[in-house]
Amino acid sequence: MTKQPRTAETPVPESFQGIRIAPSILSADFGKLGSQVGEVMEAGAKVIHFDVMDGQFVPPITIGPLVLAGIADQVHDAGGVVDVHLMIENPDRQFEDFAKAGADSIIFHEEATPHAHRCCHAIRELGCLAGVAINPGTPVEAVSELKEMADEILVMTVNPGWGGQPFIETSPDKVKRMRSLVGDDVLIEVDGGIGTGTAGTMAEAGATLMVAGSAIFGTEDPAQAYKDIAAAAEAGA
Ligand code: DX5
Ligand code: ZN
C-alpha cells in the first residue's frame with residue numbers, strides 16, 4: 001500500500017504517542033511468530049519492534065521485508081504499528097522495500113551513512129516516520145542537525161547486534177541530555193536491556209518508546225511480562 005509522504009507537520013500516529021513498550025520480535029519464537037505477536041498485542045502492545053541485521057554493520061543476520069510482510073497486516077488490523085530498526089550498511093538502498101512491506105517507521109543508524117539528512121527525507125517521502133539511531137559510543141550531538149528531519153531518535157542502551165545484553169548504566173543521563181537537545185516534539189526510543197528494573201528510570205529520563213525483547217519473549221508468559229514492564233514505565237513517567 002502506497003502511503004502519503006510525511007512532512008514535519010504530519011501528525012505522528014496515535015500508536016506511537018505516549019509511553020509505549022515495543023516488544024522486539026528478535027527474541028520471539030519464529031516458529032509461532034503470528035501467535036506471539038497476537039499475544040502481546042492482546043495484552044496492550046501497539047508498537048511491534050522489528051530488528052534487521054545484515055552481518056556487516058553488526059555481525060548477526062536476521063530478518064528482512066519478507067518476514068515484515070508476513071506480520072504487517074496482522075499488526076495493522078489489530079490497530080498497531082511496526083517500528084523497523086535497520087542495523088545495516090547502506091540503509092537507503094532498503095527503505096523502499098521495507099516501506100512497501102508495511103513499515104510504519106524506519107530507523108537507520110547514524111553511524112551507517114554519511115547522508116543522515118537525506119535518509120530522513122527519503123523515509124518521509126515513503127510515508128513512514130523517519131528514525132535515527134545512535135550507538136552507545138556516539139554522542140547525542142551527532143543528531144543535533146536532524147531534529148527537524150527526524151520523527152524518532154533511538155538511543156541504544158546496549159551495543160546493537162544481540163538481545164539479552166545488560167543495560168548500560170550511563171544511559172539515563174544520555175537520554176536526559178538527548179531530551180534537552182531535541183526538545184519535546186521528537187519521540188525518544190531506547191533499546192536494549194529494558195525490563196521492569198529499567199523502564200521506569202528511562203521514562204523518567206525522557207524516553208517514551210521502550211523496546212523490550214528478552215524481558216518479554218524470553219519469559220514463560222510474554223503477555224504478563226509486557227503488562228509488568230508497561231506498568232513500571234508508567235510509574236516512572
Ligand atoms: C539489539 C536490538 C534490540 C533487541 C533488544 O541490537 O536492536 O531491539 O531486541 O533486546 P533486549 O530487550 O533483550 O535487550
Ligand atoms: Zn532494535
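One-based numbering, in listed order, for ligands and for the atoms of each.
In terms of N/O distances under 3.5 Å, ligand 1 is approached by Gly164. Between Asn159 and ligand 1, a contact under 3.5 Å exists for no N or O pair. For ligand 1, the polar-atom distance check finds no N/O of Pro160 at less than 3.5 Å from any of the ligand's N/O atoms. Considering backbone and side-chain atoms alike, Gln165 places every N or O at 3.5 Å or more from each N or O of ligand 1. Any N or O atom pair closer than 3.5 Å counts here, and Gly161 shares at least one such pair with ligand 1. For ligand 1, the polar-atom distance check finds an N/O of Asp51 within less than 3.5 Å of one of the ligand's N/O atoms.
Among protein heavy atoms, the minimum distance from atom 9 (O) of ligand 1 is reached at Ser24 OG, 2.8 Å. Scanning the protein heavy atoms around atom 1 (C) of ligand 1, the nearest turns out to be Trp162 O, 3.6 Å. Among all protein heavy atoms, the one lying closest to atom 14 (O) of ligand 1 is Gly193 N, 2.8 Å. Scanning all protein heavy atoms for the shortest distance to atom 3 (C) of ligand 1 gives Asp191 OD1, 2.9 Å. For atom 12 (O) of ligand 1, the nearest non-hydrogen atom of the protein is Gly213 N, 2.8 Å.
A salt bridge is absent between Glu234 and Arg20: the closest approach of a Lys/Arg side-chain nitrogen to an acidic carboxylate oxygen does not fall below 4.0 angstrom. In summary, Asp185 and Lys147 do not engage in a salt bridge, as defined by a charged side-chain N under 4.0 Å from a carboxylate O.
Interatomic distance, His115 NE2 to Glu110 CD, rounded to the nearest 0.5 Å: 12.5 Å. Rounding to the nearest 0.5 Å gives a distance of 6.5 Å between CG of Leu181 and CE of Met178.
Under a 4.0 Å heavy-atom criterion, Ala215 is not in contact with ligand 1. Within the 4.0 Å heavy-atom shell around ligand 1 one does not find Phe167.
Linking ILVMFWY residues whenever their side-chain heavy atoms come closer than 4.5 Å, directly or via other members, leaves Val175 and Ile168 in distinct clusters.
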Report task. In sequence, state the C-alpha distance, the side-chain angles, and the governing distance for Asp228 and Thr196, and then conclude on side-chain hydrogen bond (donor to acceptor under 3.5 Å, both in side chains). Result -> CA-CA 7 Å; Asp228 292 345; Thr196 50; over 6 Å; no
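In this structure, a donor-acceptor pair under 3.5 Å is absent between the side chains of Thr62 and Asp51.
Shown in contact with Met87 at under 4.0 Å from a heavy atom are these atoms of ligand 1, numbered in order with element: 6 (O), 7 (O). Taking a cut-off of under 4.0 Å to the non-hydrogen atoms of Ser214, the atoms of ligand 1 that pass are 11 (P), 12 (O), 13 (O). Distances below 4.0 Å separate heavy atoms of Gly163 from the following atoms of ligand 1: 10 (O), 13 (O). Each of the following atoms of ligand 1 lies closer than 4.0 Å to a heavy atom of Val211: 8 (O). If you number the atoms of ligand 1 from 1 as listed, the ones under 4.0 Å from a heavy atom of Gly192 come out as 14 (O). Ligand-side atoms of ligand 1 in range of His85: 7 (O), range being under 4.0 angstrom from any heavy atom. Heavy-atom contacts of Leu26 reach the following atoms of ligand 1: 4 (C), 9 (O) (cutoff under 4.0 Å). Under a 4.0 Å criterion applied to the non-hydrogen atoms of His49, ligand 1 contributes the atoms 8 (O).
Between Val186 and Glu152 there is no side-chain heavy-atom pair separated by less than 4.5 Å.
Taking the six-membered ring where tryptophan is involved, the planes of His109 and His85 are essentially parallel, since the angle between them stays under 30° and well short of 60°.
Of the possible polar contacts, one joining the Asp54 side chain to the Glu89 backbone as a donor-acceptor pair under 3.5 Å is found. Although no hydrogens or angles enter the test, the distance criterion places a donor-acceptor pair under 3.5 Å between the side chain of Asp151 and the main chain of Ala130. The closest donor-acceptor contact from the side chain of Lys174 to the backbone of Pro136 lies under 3.5 Å. Formation of a donor-acceptor pair under 3.5 Å by the Ser15 side chain with backbone atoms of Gly79 is found in this model. Without hydrogens or angle criteria, Tyr226 side chain to Ile216 main chain gives no donor-acceptor distance under 3.5 Å.
Angle OD2 (Asp191) to the Zn ion (ligand 2) to NE2 (His49): 100°, rounded to 10°. With the Zn ion (ligand 2) as the vertex, ND1 of His85 and OD1 of Asp51 span 90° to the nearest 10°.
Contact annotation for Ala212 and ligand 1: only backbone heavy atoms (N, CA, C, O) come within less than 4.0 Å of the ligand.
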